[in-house]
Amino acid sequence: MTALRGQRDKWVYPAVVFILLNSFGFPGNLTLVFGDALGTLIEYGAFLLMIAIMLLTSADNIADILVLDLKAKYTPVYLFTAVLFCTSMIITRFSGTELITCVRLTVTVLFALWACEYFSLQEMLRLVYITQIIFIAFNLLFVTVFRSYVYRESAGYANDFVGLFSAKNGIGSELAFGIMMQLLLGREYRFAQERVSLSFVIVLTVQILLLALTHNWSSFICLAVPVIWLILYDRRGGAVRLPLGWIYIIGSIGFIIVALTVIPIFTPLFEAIGKDATLTGRIPLWRQALKVLRGKYLLTGYGYGMFWRNPSAVKLLHSGFDEYSFMAQQMSGAHNVLIEMLLNSGILGIGAFFAAMIACMKRPRELEEKNYVFCACFVLLFMIYGFTERSFGTHEFLTLFLFYTMGLACSKAPLTGNRITGQRPRKG
């Protein structure tokens, strides 16, 4: 690391930790204690920090700063972002709000790609680990010191740990992500023959316990799938590499098809064993969302992030349900990443996303082994979570790390024995 880079890191590292902390969900319900101004200040502070970091690290002096530093290898990501931006601005009825949304998403994309260039994978994992410790501390502080402000969305969450979130799905997904990132960091330590500290084990244990306390079983599945894959991958010596782009596309589309066609057939069986065959109302919601999209909005959607801000669009969705039912009132998203993308960006947007995933994830054997493992674990977690929740926003951690993963997958390495087999040289 150069002396200049060392000087930069004195402020870049804590700035990135602040940005990550916000993407994880901070300040969340701390705004109930300190007011909404705190949330606005932190969100816009993180947004401006992203821009400042990218500009100030682009050159050694002010005269050489690059306003936009585009790299050819990230072309699929740039094109996908451009499609979302352009189609959203053309179709939306709320151009001012849409412009802000698209600019925030674009900055998140560029920041994620910047992180691919500036940090090694192990550095990024360490930053996530440090941020996660801070995030957990704030969650525990909120539910103890500020217990009177702890908010529950309904009586069903009375015994569930939700921390700074208003529902267990949010904290569950964040903890699942944090545990997976820490396991990947521990794997890096193992390959480098670095000893894992007691504090590292304690942090991992606390995260697992908190995840158990959320009672959010979907997050357990999101974590279990990549962890099981990682165990099998290491046991086989990394001999087989998955076509991650195609797996994501086939898995995501396949789940929707099964949910809309196969699961309803077994409704009597589900009811007989006391289970909900509608996936807690999600299947009727998806059917109605697809009906709403018929016509001119099927191609472009309602604009990125704009469907739930469009009163007429939401009214159409609610019209498919009984006036006094929960689904006729809910405003919390489509609970599926592909349905949500169709509502916001239509076939053009989702087609551009699939094309970018395939282009970024192609030739997995040319990826450095540790980069491939990270990409595989995240893609599997992102895919499973997206089955029943929306996981695409503007600056949230899943969105940020989706583009980080896509950028990492674009960074192909020369074919060598170590990278093909997945084995790493050991010290000593």
Side-chain angles (χ1 to χ4, degrees), residues 73 76 115-117 119-129 132 176-197 200-201 203-205 207-208 211 219-252 254 357-386 401-428:
K73 63 182 178 180
C116 290
E117 296 290 318
F119 299 115
S120 68
L121 178 60
Q122 189 172 112
E123 285 178 315
M124 193 64 182
L125 289 171
R126 282 174 175 165
L127 283 169
V128 172
Y129 172 62
Q132 189 70 354
F177 172 81
I179 293 169
M180 188 183 74
M181 293 293 105
Q182 191 173 350
L183 291 175
L184 290 174
L185 179 58
R187 185 177 184 270
E188 287 295 303
Y189 287 156
R190 177 166 60 87
F191 276 111
Q193 295 187 336
E194 297 180 26
R195 181 173 296 180
V196 173
S197 65
F200 187 92
V201 176
V203 171
L204 182 61
T205 303
Q207 290 195 83
I208 293 172
L211 180 59
S219 293
F220 277 99
I221 297 173
C222 291
L223 176 62
V225 170
V227 168
I228 292 171
W229 171 85
L230 183 58
I231 293 171
L232 295 175
Y233 175 84
D234 282 342
R235 284 186 177 180
R236 292 175 61 87
V240 178
R241 294 200 175 184
L242 305 173
L244 299 175
W246 285 108
I247 284 178
Y248 177 83
I249 293 169
I250 294 171
S252 299
M357 285 290 286
I358 293 171
C360 293
M361 304 290 174
K362 66 182 179 182
R363 300 193 302 274
R365 285 189 172 274
E366 294 182 27
L367 274 177
E368 192 171 351
E369 191 267 347
K370 61 183 178 181
N371 291 353
Y372 168 76
V373 168
F374 179 94
C375 292
C377 285
F378 182 82
V379 167
L380 291 172
L381 182 144
F382 187 79
M383 178 181 71
I384 301 298
Y385 184 76
F401 278 90
L402 169 65
F403 289 110
Y404 177 82
T405 300
M406 293 173 74
L408 205 62
C410 289
S411 303
K412 302 297 191 295
L415 292 175
T416 66
N418 286 335
R419 285 161 183 157
I420 292 177
T421 63
Q423 299 299 317
R424 300 189 196 185
R426 302 275 183 142
K427 293 183 178 180

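Atoms considered below: every heavy atom in the structure, side chains included; atoms not considered: hydrogens, waters and symmetry mates. Note that this is a predicted model, so its numbers are computed, not measured.
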**Asked** Hey, does the side chain of Gln122 reach the backbone of Tyr189 with a donor-acceptor pair shorter than 3.5 angstrom?
**Response**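 No; zero donor-acceptor contacts below 3.5 Å.
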**Request:** Would you check if the side chain of Arg187 reaches a backbone N or O of Leu230 as a donor-acceptor pair within less than 3.5 Å?
**Result:**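 Answer holds: no.
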**Aromatic ring pairing Tyr372/Trp229, orientation class (parallel under 30°, perpendicular over 60°, tilted between)** =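 Ring orientation of Tyr372 relative to Trp229: perpendicular.
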**Item:** Under-4.0 Å salt bridge between Glu366 and Lys73
**Value:**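 Salt bridge between Glu366 and Lys73, a charged N being under 4.0 Å from a carboxylate O: no.
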**Item:** Passing candidate, side chain to side chain contact (heavy atoms under 4.5 Å, CB included) with Pro226, options Leu381, Leu183, Ile384
**Value:**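 It is Leu381, the one option of Leu381, Leu183, Ile384 that forms the side chain to side chain contact (heavy atoms under 4.5 Å, CB included) with Pro226.
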Drop me the distance from [X]'s [atom1] to [Y]'s [atom2], to the nearest 0.5 angstrom.
X	Y	atom1	atom2	value
Ser252	Met357	OG	CE	8.0 Å
Leu211	Ile179	CG	CD1	4.5 Å
Tyr233	Leu242	OH	CG	9.5 Å
Met181	Leu185	CE	CG	10.0 Å
Cys375	Leu367	SG	CG	5.5 Å
Arg126	Leu121	CZ	CG	11.0 Å

**Request:** Determine, step by step, whether Ile221 and Tyr385 satisfy the side-chain contact (heavy atoms from CB on, under 4.5 Å) criterion, reporting the C-alpha distance in whole Å, the side-chain angles of both residues, the deciding distance to 0.1 Å, and the verdict.
**Result:** CA-CA 8 Å; Ile221 297 173; Tyr385 184 76; over 6 Å; no
Between [X] and [Y], which heavy-atom pair has the shortest distance, and what is it?
X	Y	answer
Met361	Gly245	CB-N, 3.5 Å
Ser219	Ala176	O-CB, 3.7 Å
Gln132	Gly178	NE2-CA, 3.7 Å
Gln182	Val203	OE1-CG1, 3.6 Å
Leu244	Val379	O-CG1, 4.0 Å
Gly407	Cys116	C-SG, 3.8 Å

**Message:** Run the ring-ring contact (aromatic ring centres under 6.0 Å, His included) test against Tyr404 and tell me which residues pass, sequence neighbours left out.
**Reply:**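 ring-ring contact (aromatic ring centres under 6.0 Å, His included) check on Tyr404 returns Phe374, Phe401.
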**Request:** Let me see the working for Lys370 and Leu125 under side-chain contact (heavy atoms from CB on, under 4.5 Å), right down to the final yes or no.
**Result:** CA-CA 12 Å; Lys370 61 183 178 181; Leu125 289 171; over 6 Å; no
**Message:** Run the side-chain contact (heavy atoms from CB on, under 4.5 Å) test on Arg241 and Arg363 for me, step by step, so that the C-alpha distance in whole Å, both residues' side-chain angles and the decisive distance to 0.1 Å come before the verdict.
**Reply:** CA-CA 9 Å; Arg241 294 200 175 184; Arg363 300 193 302 274; over 6 Å; no
